[in-house]
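In what follows, a single structure is set out as structure tokens and then discussed.
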Amino acid sequence: MDTPSSARTPALDAMGPAPLTGLRAPLVDRRGRVARKVRISLTDRCNFACLFCMPSKEKVHWLPREELLSFEEVERVARVLVSLGVRKVRLTGGEPLIRPNLEELVRRLVRIPGLEEVDMTTNAWFLAEKARALREAGLHGVTVSLHSLRRDRFRQIAGMDALPRVLEGIEAARREGLAPVKINSVAIRGYNEDEVLDLVDFARDRDISLRFIEFMPLDGRGTWDPEKVVSGHDLRAAIESRYVLLPRGRGDGETAQRWGFEDGRGEVGLITPITEPFCDDCDRIRLTADGQFLTCLFDRHLHDLRTPLRAGATDEELAERIRASYDKKPAGVQYLGDLRKTWVKPRAMHAIGG
Ligand code: SAM
Ligand code: SF4
């Protein structure tokens with residue numbers, strides 16, 4: 001499905017980045033929010049089955065392979081998005097490293113004039129073997145999901161006895177110079193909230209930025225409940241039982257409230273979509289592995305780009321379709337009220353791209 005490598009010539013490399021061409025007016029929705037970052041999901045498949053993300057392994061239905069965008073198609077949409085003002089790409093899934101030759105896609109993306117950064121979020125199972133090739137292809141940073149430091153518990157949460165391999169992946173990413181290396185951790189009441197300080201110490205020891213994410217109602221098992229959400233407030237209280245946190249604020253369009261430590265080592269971010277949403281200056285959009293454009297994690301509507309893409313639409317037509325869809329970006333999760341009553345997800349997280 002993926003195309004063979006299109007080698008870049010040394011002569012082309014010597015020319016430096018190509019000039020920006022085909023720029024269009026930026027994507028601005030009716031609330032004035034400008035899209036700057038896209039999360040591109042490369043597959044809904046995953047070798048893990050995290051209980052807050054996927055249905056159980058027996059119940060999951062994968063998207064048919066022919067429905068997934070090829071690397072050429074992903075690159076094409078990315079180019080159109082960059083022409084519309086998008087500046088950063090994050091590759092995700094499912095598990096993005098399941099796609100063979102992912103480094104080839106990275107190589108294609110980093111050459112897009114105007115695109116400033118390509119990062120990836122991964123469960124790290126394949127990271128140790130891939131870190132060097134990814135860095136050489138031009139990948140910037142990598143965010144590894146790590147929800148427990150206890151081997152049994154990791155297996156219970158992720159459905160895979162993978163902790164040693166994930167830790168190796170983190171070390172390989174640091175050793176190979178991927179930057180920044182960050183850790184994402186979803187805290188769930190009754191599962192891992194007692195590990196907040198252990199995870200903080202693990203990250204500080206390695207000078208890694210750690211982000212705790214509140215559990216969102218995007219799981220594949222229908223088990224989300226507000227009672228299971230460990231709030232940013234509670235996370236902060238747990239960390240402050242040992243450390244003095246120094247506020248670093250939340251940058252425009254950023255998801256995390258960031259905090260530093262008195263000794264300057266490490267940083268912790270609290271991502272609080274449920275208890276303190278940050279939708280008013282959101283600058284993110286999403287592309288699913290099967291070519292559906294999603295304006296918001298809490299949008300019920302998937303906007304099909306794959307059909308026009310495969311029917312021969314021009315870049316201009318794709319751009320117009322994206323613009324018309326983006327204009328309908330919903331206000332945000334805080335306007336949905338009681339999520340248990342109002343929220344009907346179109347898909348689980350692994351099939352959207354976290
Ligand atoms: N497989 C990769 C990984 O696990 O990092 C990338 C895809 S995963 C869907 C992206 C991020 O979404 C992960 O950090 C994961 O922990 C987070 N995530 C998944 N389901 C979630 C949920 N229901 N609430 C909050 N975060 C979730
Ligand atoms: Fe897979 Fe990532 Fe979802 Fe876990 S969070 S099941 S690793 S896609």
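In each ligand, atom 1 is the first atom listed, and ligand 1 is the first ligand listed.
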Report task. Could you establish whether C46 and ligand 1 come within less than 4.0 Å of each other, counting only heavy atoms on the residue side? Result -> no
Residues pairing under salt bridge (Lys or Arg N to Asp or Glu O under 4.0 Å) where one sits in residues 41-54, two or more places apart or in two chains, turn out to be none
For ligand 1, is H350 a contact, meaning one of its heavy atoms is under 4.0 Å away?
-> no
Answer yes or no on whether R206 is positioned over the face of F202, meaning its NZ or CZ is under 6.0 Å from the six-membered ring centre and within 45° of the axis. yes
Using a plain distance cutoff, I'd like to know if S145 has any nitrogen or oxygen under 3.5 Å from a nitrogen or oxygen of ligand 1. yes
Within a distance under 2.8 Å of atom 1 (Fe) of ligand 2, the protein atoms of type N, O or S are C46 SG
Please work out whether the ring planes of F298 and W343 are parallel, tilted or perpendicular, with thresholds of 30° and 60°. tilted
Ring-plane angle category for F52 and H147, please: parallel below 30°, perpendicular beyond 60°, tilted otherwise. perpendicular
Review point. Taking NZ, NE, NH1 and NH2 as the nitrogens, is one of them in R347 or D290 under 4.0 Å from a carboxylate oxygen of the other?
Key: yes
_Test item, G94 contacting ligand 1 (heavy atom, 4.0 angstrom)_ = yes
Looking at R221, R39, E214, the heavy atom closest to atom 25 (C) of ligand 1 belongs to E214
Does a side chain donor of either E214 or T275 reach within less than 3.5 Å of an acceptor in the other side chain?
-> yes
